[in-house]
> 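Provided herewith is a single structure, encoded as structure tokens, for subsequent inquiry.
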Amino acid sequence: MSFSFTARLPLSRHAVDRDHETRSRPGLFDELWADAGTRVLVLWRGSVLLAPAAGSADAPRILLLEPQTVPESTVQVYLGRSLAEDAAEPVGTRLVAAVLGDEAAHALEPRPEAWASLRTLATELSDRDAGLFTEALGLANWHVSHPHCPRCGAATTVESAGWSRLCPVDGGQVFPRTDPAVIVLITDADDRILLGSNALWENNRYSLLAGFVEPGESLEAAVIREMFEESGLRVTDPVYLGSQPWPFPASIMFGFTARLADGQSPGGLLPDGEEILDLRWFSRDELRASGASIILPGRSSIARAIIEAWLGEPIDFGPDQVHGWR
């Protein structure tokens with residue numbers, strides 16, 4: 001069975017050279033703001049501004065502003081150089097993210113419909129815009145959650161064009177962090193898959209089981225531990241499929257398959273009752289027949305891509321879901 005689904009992962013796409021050597025250049029933002037060719041992505045509460053559509057059939061594009069049109073921002077991050085030949089900007093265009101406060105965002109664009117979230121846009125954006133939005137959002141979320149030194153609590157200052165923060169007390173640097181998590185398609189001897197319903201979701205929403213990797217733990221060990229903790233089932237033979245960043249706020253999802261261990265009954269389901277409230281096995285025909293009775297993962301998630309790869313076709317039945325990492 002083939003799980004060729006990597007190209008379907010919308011947040012793993014990219015067409016930006018992150019140009020890390022330029023980040024440490026003194027006076028970089030003065031240089032970028034003086035360059036009329038620089039383009040700025042503006043973020044407000046996790047959303048970006050969209051460019052006006054020329055026609056109803058046009059795919060959405062992120063609006064990239066000229067530096068002089070950008071209002072005062074709370075954080076600026078140098079994102080790199082565009083590699084996209086089909087973008088409105090030429091190859092090599094230098095790109096910056098600017099995080100806006102409420103007042104500045106409203107002054108720039110007061111219409112809520114002009115702003116859009118990554119979850120809702122991910123599958124419609126170009127490779128360049130999808131990767132750019134993912135990169136910018138991950139860094140913006142990190143700055144919001146890490147304003148102080150983890151050692152002494154002092155307020156840190158932004159360094160390296162937004163890619164690190166410096167403690168003024170001990171001179172220590174703090175760098176962006178990404179939390180690894182595994183997400184797993186479990187199959188039994190009949191090639192059915194196991195889906196679970198999370199306590200935070202609607203009671204008819206189902207997805208793959210997932211969990212964070214613990215310190216000192218391999219991805220494969222996390223697969224086996226997390227699946228047992230959430231389902232009560234022993235699995236074996238974890239096989240890596242691919243990964244997708246999930247900046248909500250700071251994760252990367254590692255997709256795996258695993259099979260039910262020999263001697264383990266599929267009927268031995270034991271949801272933990274705290275995170276997972278219900279577990280169900282689905283054959284392909286049962287999943288197709290479920291229709292609108294269950295909500296499956298959104299199109300931007302790696303869970304959706306893994307399930308569609310197992311199903312052998314796109315999921316075009318039932319309501320779509322844009323929330324959650326699964």
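Numbers for residues simply follow the sequence, beginning at 1. Keep in mind the model is a prediction, meaning the values are calculated, not measured.
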> Between the side chains of Arg165 and His143, does any donor sit under 3.5 Å from an acceptor?
yes

> Side chain of Gln244, backbone of Ser300: donor and acceptor closer than 3.5 Å?
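Pair found, side chain donor or acceptor close to backbone of Ser300.
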
> Which pairs count as side-chain hydrogen bond (donor to acceptor under 3.5 Å, both in side chains) when at least one residue sits in residues 91-107, sequence neighbours excluded?
Glu31-Arg94, Asp35-Arg94, Trp44-Asp102, Arg45-Asp102

> On a heavy-atom basis, which atom in Asn141 and which in Pro247 lie closest, and how many Å separate them?
ND2-O, 2.9 Å

> Do Ile186 and Thr257 touch side chain to side chain, with heavy atoms closer than 4.5 Å?
no

> What pair of heavy atoms forms the shortest contact from Asp19 to Gly80, and how long is it?
CB-CA, 4.2 Å

> Is the closest side-chain donor-acceptor distance between Tyr206 and Asp278 under 3.5 Å?
yes

> Are any of the side-chain nitrogens in Arg259 or Asp237 under 4.0 Å away from the carboxylate oxygens of its partner?
yes

> Tell me if the CD atom of Glu72 is crowded by more than 12 foreign heavy atoms within 6.0 Å.
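No, because the 6.0 Å sphere around CD of Glu72 holds 12 heavy atoms or fewer from other groups.
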
> I'd like to know if Arg23 and Glu159 make a salt bridge, using a cut-off of under 4.0 Å between side-chain N and carboxylate O.
no

> Ignoring hydrogens, what is the shortest heavy-atom contact between Leu79 and Val96? Give both atom names and the distance.
CD1-C, 4.0 Å

> Determine yes or no for a side-chain-to-main-chain donor-acceptor pair under 3.5 angstrom, with Asp17 supplying the side chain and Arg81 the backbone.
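No: the side chain of Asp17 does not pair with the backbone of Arg81.
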
> Under 3.5 Å, side chain of Glu308 to main-chain N/O of Glu313, donor-acceptor pair present?
no

> Any donor-acceptor pair under 3.5 Å linking the side chain of Ser243 with the backbone of Met253?
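Not a single qualifying donor-acceptor pair exists.
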
> Which other residues end up in the same hydrophobic cluster as Val158, if Ile, Leu, Val, Met, Phe, Trp and Tyr are linked when side-chain heavy atoms come under 4.5 Å apart?
none

> Would Leu287 and Ile306 show up in the same hydrophobic cluster when neighbours are defined by side-chain heavy atoms closer than 4.5 Å?
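Yes, because Leu287 and Ile306 connect within a single hydrophobic cluster, where side-chain heavy atoms sit under 4.5 Å apart.
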
> Could you tell me whether Glu286 and Arg192 have a side-chain N and a carboxylate O separated by less than 4.0 Å?
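No, this pair does not count.
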
> Nearest 0.5 angstrom please: Glu124 CD to Asp58 CG, how far?
12.0 Å

> Please check this pair: side chain of Thr156 against backbone of Pro147, looking for a donor-acceptor N/O pair closer than 3.5 Å.
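Side chain of Thr156 to backbone of Pro147, a donor-acceptor pair under 3.5 Å: yes, one is there.
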
> Do you see a donor-acceptor pair shorter than 3.5 Å between the side chains of Arg61 and Ser126?
no

> Quick one: does Val16's side chain get under 4.5 Å of Glu135's, heavy atoms only?
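Yes, their side chains come closer than 4.5 Å.
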
> Measuring from atom CG of Leu64 to atom OG1 of Thr38, what distance do you get when rounded to the nearest 0.5 angstrom?
11.0 Å

> Let me check something: do Phe248 and Leu9 share a hydrophobic cluster, defined by ILVMFWY side-chain heavy atoms less than 4.5 Å apart, either directly or through other members?
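Result: yes, single cluster for both.
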
> Would you find a donor on one side and an acceptor on the other, under 3.5 Å apart, between the side chain of Trp115 and the backbone of Gly46?
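A pair under 3.5 Å: no.
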
> Distance alone, cut at 3.5 Å: any donor-acceptor contact between the side chains of Ser117 and Thr120?
yes

> Can you name the closest pair of heavy atoms from Phe212 and Arg225 and give their distance?
O-NH2, 3.0 Å

> Between Ile224 and Val235, which heavy-atom pair has the shortest distance, and what is it?
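Smallest heavy-atom distance, with atoms named: CG1-O, 3.9 Å.
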
> Could you label the plane-to-plane angle of the Tyr240 and Phe256 rings as parallel, tilted or perpendicular, counting under 30° as parallel and over 60° as perpendicular?
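Tyr240 vs Phe256 ring planes: perpendicular.
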
> Are Val144 and Val99 packed together at the side-chain level, in the sense that at least one heavy-atom pair is separated by less than 4.5 angstrom?
no

> To the nearest 0.5 Å, how far apart are CG in Leu121 and CG in Leu50?
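Taking CG in Leu121 and CG in Leu50, the distance rounds to 5.0 Å.
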
> Just by modelled atom types, is the Leu233 backbone N or O under 3.5 Å from a matching donor or acceptor in the Ser231 side chain?
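Between the backbone of Leu233 and the side chain of Ser231 there is a qualifying donor-acceptor contact (under 3.5 Å).
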
> Ignoring hydrogens and geometry, is there a side-chain-to-backbone donor-acceptor pair from Arg177 to Phe175 under 3.5 Å?
yes

> So, do Ile252 and Trp246 sit near enough that their side-chain heavy atoms are less than 4.5 Å apart?
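The answer is no, as the side chains (C-beta and beyond) never meet within the 4.5 Å cut-off.
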
> Enter the distance from Ile62:CD1 to Leu118:CG here, rounded to the nearest 0.5 Å.
8.0 Å

> Is it true that Ile276 and Trp281 fall in one hydrophobic cluster, defined by side-chain heavy atoms closer than 4.5 Å?
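Shared cluster, yes.
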
> Any sub-3.5 Å donor-acceptor pair from Thr69's side-chain atoms to Leu65's backbone N or O?
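No; zero donor-acceptor contacts below 3.5 Å.
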
> Any carboxylate oxygen within less than 4.0 angstrom of a Lys/Arg side-chain nitrogen, looking at Glu89 and Arg128?
yes

> Quick check: closest heavy atoms across Pro67 and Leu32, and the distance to 0.1 Å?
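Heavy atoms of Pro67 and Leu32 come nearest at CG-O, 3.9 Å.
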
> To the closest 0.5 Å, what do you measure between CZ (Arg304) and CG (Leu311)?
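The distance works out to 10.0 Å.
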
> Which distance, rounded to the nearest 0.5 Å, do you find between the CG of Leu241 and the CD1 of Ile183?
10.5 Å

> Is there a donor-acceptor contact under 3.5 Å from the side chain of Ser301 to the main chain of Pro297?
no

